[in-house]
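Along the sequence shown, the residues carry numbers beginning at 1.
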Amino acid sequence: MLVNIPYYHAVGKEKEVFEHAYKNKIPFLLKGPTGTGKSRFVEYMAHHLDKKIITISCHEETSSTDLIGRFIIKGAETVWLDGPLTTAVKEGAIIYLDEIAEARPDVIVAIHSLTDHRRELFIDKLGETVKAHDDFMLVASFNPGYQRGFKELKPSTRQRFIAVSFEYPETKIEIEILVKETSVDPDVAKKLVAIGNKIRNLTELGLTETVSTRLLVDAAKIIHSGLPKRLSVHVAIVEPLTDDVQTVEALKDLCDLMI
């Protein structure tokens, strides 16, 4: 059976740092803007270590119950159903909490005992404490660029992790990523990356998020499948960035000059 190996291009020593965090049973935190390859990196490392990965995309409604588990009614009886965090703790999987700062505060409280020397999970509803499997690893990510105030991770939480910052790749590497991911023509990839870099430097536009590598990959995919280049850039890069009509038009004009 063929296994798809997640493609990831290392930009530093993040692979080695992750391996040592895993070996020493230290939680791992990925910091950086959206679309810089954080989730892909975790998938890649899980494959590299031959470990099962359970990914939770956190949002403002994500609670500790969602992660730990709950009682459900099955026929005439009430049974306990483990949540993904409990499953990972018992099975020795990698749990990846994507955008952890978006989750409710009780999630942070629930994972604290897993992020220190105890490595255990307290299941309040069962009155039980579960010791983490030897291979269990807790990985989390967050975007410090737009998360302010109540969405910021507290220092007491951050200091429980080894942390690595992810940024947009340098031009040469980003071009390689686009070509490898999408088989798009290298010349087109070069132009797409140039567009990405140009918009990233337009700080005066006040965009909440800027052009991620993910957006460039999406544009490259639909160009490679036959959609006209300028239309592809409009729908895959410009439109997802903003709803402001004037900004959209200005960005479209800029991109049309570059591809």
Side-chain angles (χ1 to χ4, degrees), residues 17-32 34 38-39 41-43 45-47 49-144 146-164:
V17 174
F18 191 100
E19 287 173 340
H20 281 274
Y22 177 76
K23 189 186 300 181
N24 289 283
K25 299 177 174 52
I26 303 172
F28 192 92
L29 179 66
L30 302 89
K31 305 187 297 178
T34 183
K38 299 189 297 295
S39 296
F41 171 68
V42 181
E43 290 173 7
M45 290 307 302
H47 183 275
L49 295 169
D50 194 24
K51 299 303 303 175
K52 177 182 177 181
I53 180 172
I54 300 174
T55 300
I56 305 297
S57 296
C58 299
H59 51 82
E60 63 273 6
E61 295 300 320
T62 304
S63 68
S64 59
T65 297
D66 296 323
L67 296 186
I68 295 173
R70 52 170 48 91
F71 285 106
I72 61 169
I73 296 175
K74 194 173 183 181
E77 58 180 349
T78 302
V79 296
W80 172 260
L81 183 67
D82 282 342
L85 178 60
T86 305
T87 299
V89 167
K90 290 179 177 179
E91 295 182 356
I94 294 173
I95 184 90
Y96 175 44
L97 303 178
D98 189 18
E99 299 293 358
I100 188 173
E102 291 286 337
R104 284 166 41 173
D106 61 317
V107 168
I108 305 296
V109 173
I111 67 167
H112 266 195
S113 58
L114 284 168
T115 57
D116 58 27
H117 66 282
R118 291 171 289 177
R119 278 176 57 87
E120 60 187 30
L121 176 67
F122 179 61
I123 304 177
D124 183 46
K125 291 178 181 176
L126 296 179
E128 292 179 7
T129 298
V130 181
K131 281 284 186 184
H133 187 287
D134 221 33
D135 294 339
F136 169 76
M137 184 180 189
L138 177 65
V139 181
S141 72
F142 89 114
N143 180 349
Y146 75 88
Q147 291 169 337
R148 299 275 189 253
F150 76 95
K151 289 184 178 179
E152 189 64 78
L153 277 184
K154 293 179 179 178
S156 59
T157 299
R158 287 195 198 201
Q159 291 177 21
R160 293 168 177 268
F161 293 81
I162 280 178
V164 171

Peer 1: Check the pair Thr62, Glu102 against side chain to side chain contact (heavy atoms under 4.5 Å, CB included), reporting the backbone distance first and the verdict last.
Peer 2: CA-CA 8 Å; Thr62 304; Glu102 291 286 337; over 6 Å; no
Peer 1: Could you tell me which non-hydrogen atom of Ser141 sits nearest to which non-hydrogen atom of Tyr96, and how far apart they are?
Peer 2: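 That would be OG-OH, 3.1 Å.
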Peer 1: Rounded to the nearest 0.5 Å, what separates atom CZ in Arg70 from atom OG1 in Thr86?
Peer 2: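 These two atoms lie 11.0 Å from each other.
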Peer 1: State, to 0.1 Å, how close Arg158 and Phe142 come at their nearest heavy-atom pair, and which atoms those are.
Peer 2: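 Shortest heavy-atom contact: NH2-CZ, 3.6 Å.
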Peer 1: Is there a side chain to side chain contact (heavy atoms under 4.5 Å, CB included) between Met45 and Lys51 once you walk through the steps?
Peer 2: CA-CA 8 Å; Met45 290 307 302; Lys51 299 303 303 175; over 6 Å; no
Peer 1: Compare all side-chain heavy atoms of Leu67 with those of Leu97 and state whether any distance is below 4.5 angstrom.
Peer 2: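 A side-chain contact exists here, since the closest heavy-atom pair is under 4.5 Å.
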Peer 1: Could you tell me the separation between the CG atom of Leu114 and the CG atom of Leu138, rounded to the nearest 0.5 Å?
Peer 2: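 Reported value, rounded in 0.5 Å steps: 6.5 Å.
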Peer 1: Are the side chain of Lys31 and the backbone of Ala163 linked by a donor-acceptor contact shorter than 3.5 Å?
Peer 2: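 Absent.
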Peer 1: So for atom CD1, which belongs to Ile72, do other residues, nucleotides or ligands contribute more than 12 heavy atoms lying within a distance under 6.0 Å?
Peer 2: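 Yes, CD1 of Ile72 has more than 12 neighbouring heavy atoms, counting only those of other groups under 6.0 Å.
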Peer 1: Identify the heavy atoms of Ala110 and Leu121 that sit nearest to each other, and give their distance.
Peer 2: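 Minimum heavy-atom contact is O-CD1, 3.8 Å.
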Peer 1: Within the distance-only criterion (no hydrogens, no angle test), does the side chain of Arg160 pair as donor or acceptor with the backbone N or O of Pro27 below 3.5 angstrom?
Peer 2: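 Checking the backbone N and O of Pro27 against the side chain of Arg160, no donor-acceptor pair under 3.5 Å is found.
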Peer 1: Please give me the minimum heavy-atom distance between Thr87 and Lys52, naming the atom from each residue.
Peer 2: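 Looking at all heavy atoms of both residues, the shortest contact is CG2-NZ, 4.5 Å.
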Peer 1: Quick check: do Phe136 and Ile95 have side-chain heavy atoms less than 4.5 Å from each other?
Peer 2: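 Yes, their side chains come closer than 4.5 Å.
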Peer 1: Between the side chain of Ser113 and the main-chain N/O of Glu120, is any donor-acceptor distance below 3.5 Å?
Peer 2: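 At least one qualifying donor-acceptor pair exists.
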Peer 1: Is there a donor-acceptor pair under 3.5 Å between the side chain of Thr129 and the backbone N or O of Phe122?
Peer 2: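 Answer holds: no.
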Peer 1: Taking the side chain as C-beta and beyond, is there a heavy-atom pair between Tyr22 and Val139 under 4.5 Å?
Peer 2: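 They are not in contact (no side-chain heavy atoms under 4.5 Å apart), so the answer is no.
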Peer 1: Please work out whether the ring planes of Phe41 and Phe28 are parallel, tilted or perpendicular, with thresholds of 30° and 60°.
Peer 2: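 Plane angle between 30° and 60°, so tilted.
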Peer 1: Evaluate the side-chain proximity of Val164 to Leu30: yes if any heavy-atom separation is below 4.5 Å, no if none is.
Peer 2: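 No, side chains not in contact.
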Peer 1: For the residue pair Thr157 and His112, establish whether any side-chain heavy-atom pair is separated by less than 4.5 Å.
Peer 2: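 Touching, per the 4.5 Å side-chain cut-off.
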Peer 1: Looking at NZ of Lys25 and CG of Asp134, how far apart are the two atoms once the value is rounded to the nearest 0.5 Å?
Peer 2: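 With rounding to 0.5 Å, NZ (Lys25) is 4.0 Å from CG (Asp134).
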Peer 1: How about Ile108 and Ile100: do any of their side-chain heavy atoms sit closer than 4.5 Å?
Peer 2: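 The answer is yes, as the side chains (C-beta and beyond) meet within the 4.5 Å cut-off.
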Peer 1: Measuring from atom CD1 of Ile68 to atom NZ of Lys125, what distance do you get when rounded to the nearest 0.5 angstrom?
Peer 2: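 Between Ile68 CD1 and Lys125 NZ, I get 8.5 Å after rounding to 0.5 Å.
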Peer 1: Could you tell me which non-hydrogen atom of His133 sits nearest to which non-hydrogen atom of Arg119, and how far apart they are?
Peer 2: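 Looks like O-NH2, 2.9 Å.
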Peer 1: Test side chain to side chain contact (heavy atoms under 4.5 Å, CB included) on Ser39 and Asp98 and set out the steps.
Peer 2: CA-CA 8 Å; Ser39 296; Asp98 189 18; 3.7 Å; yes
Peer 1: Side chains of Asp66 and Glu61: closer than 4.5 Å at any heavy-atom pair?
Peer 2: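 A side-chain contact is absent here, since even the closest heavy-atom pair is not under 4.5 Å.
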Peer 1: Provide the closest heavy-atom pair for Lys38 versus Gly32 in the form atom of the first, atom of the second, distance.
Peer 2: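 Of all heavy-atom pairs spanning Lys38 and Gly32, the closest is NZ-O, 3.0 Å.
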Peer 1: Is any side-chain heavy atom of Cys58 less than 4.5 Å from a side-chain heavy atom of Val107?
Peer 2: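 In short, these two side chains do not touch, never coming nearer than 4.5 Å.
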Peer 1: Roughly how far apart are Glu99 CD and Thr34 OG1, rounded to 0.5 Å?
Peer 2: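 Going from the CD atom of Glu99 to the OG1 atom of Thr34 covers 6.5 Å.
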Peer 1: Once you round to the nearest 0.5 Å, how far does CD1 of Ile123 lie from CG of Asp82?
Peer 2: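 Result: 6.0 Å between the selected atoms.
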